[in-house]
Amino acid sequence: MKKILLSDQGYALLITLLLVVFFLVLSSMFISTSLTHNKQEQTVDNSNQTTVAAEMGIQYYSKNVENLVELEAKNFIPTVQAQINEIKSIFNISLAQYYGGRTYTETLKFDAACRPLLHSSDFVELLDCEINKLKEKQPSQFKQKLDNANLISKVNLTERKVDDGKNLKYKIASIQVVQPTVNSDIIVHINVEGLLGTQITKKLRSELNIGTPDFLTITKTPIISYSDGAVSDIFEPPNDNGTICVTPASSNPSGTCTYTGNNLEAYLASIPADSEIIIKVTDYCSATGSNTNCNFSNFDGQTVPIYIKPPNGVLDAGNANQLIDSIFYIDGFFELNNMNQSSGNTIITRSLEMHNGVNLTDTTIVVMGNTGKTGLVKWKDEGNNNLIIGQNSKMCVNLNAIKLDGTDSSTSFKDNSFSFSGNGKLIYYPRMTHTKLLPETPNQVIYTDDFEDFLRQCSVSMVNINGEYQMESVENGDFNFDTFVNYNP
């Protein structure tokens, strides 16, 4: 058989060429992978830098916004205080109308959910209801205030540089205040951008949770509201434990003691100036050394409060000329003849009748009245007597408990026997119209529907009155800021 011999020189060349191509392809793959990896590393590095810049912006602007929120909270306080004052005003007006048997005029100013409590005269629950409704409205009202404040306009909008060499910086993009529902937390979204030159941007969002701020403390302060019980409390000596006053007067502890001696004026003069003693007497005539004549003239009370409960309900004071620095709480009918040249006196009584001319100077007389409107203010039953409210003097009358109609009723203040001198004032509680009452005039005839205000203007101690109704006081919103950073807003 014939054999054919083949040459292997061509295969060697082909294999060589294939190996060259293979290594060229492999090299290009390594080079491409290396370039891609370098580019990825550069991109990641740039992204990290803009993220760091944005995080720095989040810290900077979050602190700015926290300060702005706290400032807006302080500016919000007067709004809350005005709302509380409005609640207190309509509450006291309605309470005065209730005790005066008058129609409610402030009904529509109460929250609709609370009005049924007004009509059922459930005043304790009414006030609690109004306060709770105010609390419910506060977060949404504060959110609206933040919206109106336009917080973005109050921060620095200029780009802030982090690295000049790399042109790395951050800036704020927007601020939104959100509250998904009226009962949910208020959240401030702070959108910040980290920038590298003009090409690369990283956006972050700080979600600043400020909660549901409460601008009312939980500590309540009493409101002194009118009631027959409150009037009775006025005539009860505070801290009265039945203690008998001892001699010397400096040995008495603070609080009330009952004086059983017969020289009250001398005893008062011996009380130390810084003492907080209060004197209680049952029979004023005996306490002043007279069983027949309880004359108040030339008496110096040393500004010590004296509580008197006449045994038969009537204290006949005779004259009270040159009565000075005396504070009397008379739980009964106070009968008075002349009163001239007096100074520094406050006399609180249930009823008052003046038999001769009285010219009040530097003296306040308060007539609180009796249950069932049986209290009296009279000065003209005997002769042509005059009642003059003179310089630095006030007459205060609780109209809820004074008899104005029918026989044996109070004298008309419109009678020409009544007049003012100097800066004398007549203060009525509550507001009402009657043929015997003078119309309101600035700084002279004053009406108030606020019982506490009435007592304060008339220098009546409220220390012994239990505030049945409560009002909460305003404080700055106390925020516990909670920040969450959203890296993918």
Side-chain angles (χ1 to χ4, degrees), residues 231-232 234-235 281 283-285 288 290 292-297 299 301 306-323 326-342 345-361 363-390 393-421 424-429 434-438 458 460:
V231 173
S232 295
I234 289 170
F235 294 99
V281 299
D283 188 338
Y284 178 80
C285 293
T288 55
S290 173
T292 58
N293 183 5
C294 301
N295 202 316
F296 274 41
S297 291
F299 184 89
I306 303 171
Y307 286 75
I308 305 170
K309 191 174 182 67
N312 61 355
V314 178
L315 177 59
D316 187 350
N319 295 323
N321 298 316
Q322 297 179 340
L323 176 70
S326 296
I327 303 172
F328 292 114
Y329 287 81
I330 303 169
D331 191 6
F333 200 113
F334 184 46
E335 293 196 28
L336 181 64
N337 292 333
N338 293 320
M339 188 174 189
N340 297 287
Q341 299 178 0
S342 58
N345 306 300
T346 301
I347 301 173
I348 300 99
T349 183
R350 292 277 191 175
S351 290
L352 174 67
E353 183 169 5
M354 293 161 278
H355 299 290
N356 294 319
V358 172
N359 183 359
L360 296 182
T361 55
T363 292
T364 296
I365 292 184
V366 187
V367 183
M368 295 303 305
N370 291 309
T371 303
K373 293 192 173 184
T374 57
L376 295 172
V377 183
K378 301 174 71 174
W379 65 86
K380 202 183 175 185
D381 278 7
E382 299 178 12
N384 295 320
N385 302 324
N386 293 319
L387 172 57
I388 303 171
I389 310 299
S393 293
K394 301 173 187 175
M395 172 163 276
C396 304
V397 184
N398 171 26
L399 299 175
N400 277 338
I402 297 297
K403 185 178 181 181
L404 294 172
D405 300 306
T407 58
D408 194 28
S409 59
S410 298
T411 307
S412 172
F413 286 91
K414 291 182 178 179
D415 192 273
N416 58 15
S417 61
F418 179 86
S419 62
F420 295 96
S421 175
K425 293 180 177 65
L426 176 63
I427 302 175
Y428 291 129
Y429 169 84
H434 193 279
T435 56
K436 288 186 176 182
L437 303 179
L438 291 170
C458 300
V460 179

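Worth knowing before you read on, the calculation uses all heavy atoms, side chains too, and leaves out hydrogens, waters and symmetry mates. Each residue takes its place number in the sequence, starting with 1.
- What you find for Lys403 and Lys373 is that their closest heavy atoms are CB-O, 3.2 Å.
- Atom-to-atom distance recorded for Asn295:CG and Asn319:CG is 5.5 Å, nearest 0.5 angstrom.
- The shortest heavy-atom contact between His434 and Lys414 is O-NZ, 4.1 Å.
- Across Ser410, Ser412, Ser409, a single residue satisfies side-chain hydrogen bond (donor to acceptor under 3.5 Å, both in side chains) together with Lys436, and that is Ser409.
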Quick one, Ser393 with Thr361, criterion side-chain hydrogen bond (donor to acceptor under 3.5 Å, both in side chains). Give me CA distance, side-chain angles, the key distance, then yes/no.
CA-CA 5 Å; Ser393 293; Thr361 55; 5.5 Å; no
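- For Tyr429, the ring pair (Phe, Tyr, Trp, His ring centres under 6.0 Å) criterion is met by Tyr226, Phe451, Phe454, not counting sequence neighbours.
- Within the 4.5 Å cutoff, no side-chain heavy atoms of Lys378 are placed close to those of Leu352.
- Looking at heavy atoms from C-beta onward, Asn386 lies out of side-chain contact with Val358 at the 4.5 angstrom threshold.
- Less than 6.0 angstrom separates the ring centroid of Phe296 from the ring centroid of Phe328.
- Taking each heavy atom of Ser342 and Thr363 in turn, the nearest pair found is OG-OG1, 3.0 Å.
- With Ser326 contributing its side chain and Gly301 its backbone, the two residues share a donor-acceptor pair below 3.5 Å.
- Expressed to the nearest 0.5 Å, how far CD1 of Ile308 lies from CD1 of Ile330 amounts to 5.0 Å.
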Taking it one step at a time, do Tyr329 and Val460 satisfy side-chain contact (heavy atoms from CB on, under 4.5 Å)?
CA-CA 9 Å; Tyr329 287 81; Val460 179; 4.3 Å; yes
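- Residues satisfying the ring pair (Phe, Tyr, Trp, His ring centres under 6.0 Å) criterion with Phe235, sequence neighbours excluded, are absent altogether.
- The closest side-chain heavy-atom distance from Ile402 to Val397 is below 4.5 Å.
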Could you walk me through whether Leu376 and Asp408 pass the side-chain contact (heavy atoms from CB on, under 4.5 Å) test, one step at a time?
CA-CA 9 Å; Leu376 295 172; Asp408 194 28; 4.2 Å; yes
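- To the nearest 0.5 Å, atoms CD1 (Ile347) and OG1 (Thr364) are separated by 9.5 Å.
- No close placement of the Tyr307 and Tyr284 rings is indicated, their centers lying 6.0 Å or farther apart.
- Using a 4.5 Å heavy-atom threshold, the side chains of Leu360 and Ile365 count as touching.
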Scan the side chains in residues 331-340 for donor-acceptor partners under 3.5 Å anywhere in the protein, sequence neighbours excluded, and list what turns up.
| unit_1 | atom_1 | unit_2 | atom_2 | d |
| --- | --- | --- | --- | --- |
| Asp331 | OD1 | Arg350 | NE | 2.9 |
| Asp331 | OD2 | Lys309 | NZ | 2.9 |
| Glu335 | OE1 | His355 | NE2 | 2.8 |
| Asn340 | ND2 | Asn321 | OD1 | 3.4 |

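- Here Leu399 contributes atom CG and Leu404 contributes atom CG; the two are 6.5 Å apart, rounded to the nearest 0.5 Å.
- Residues Ser351 and Val377 form no side-chain contact, since every pair of their non-hydrogen atoms from C-beta on lies 4.5 Å or further apart.
- Leu426 contributes atom CG, which lies 6.0 Å from atom CG of Leu438 (distance to the nearest 0.5 angstrom).
- Looking at heavy atoms from C-beta onward, Met395 lies in side-chain contact with Phe413 at the 4.5 angstrom threshold.
- Distance check: Lys425 NZ to Cys458 SG gives 11.0 Å after rounding to the nearest 0.5 Å.
- Taking 4.5 Å as the limit, every side-chain heavy atom of Ile389 sits out of range of all side-chain heavy atoms of Asn359.
- Under the 4.5 Å side-chain criterion, counting only non-hydrogen atoms from C-beta, Ile234 is in contact with Ile348.
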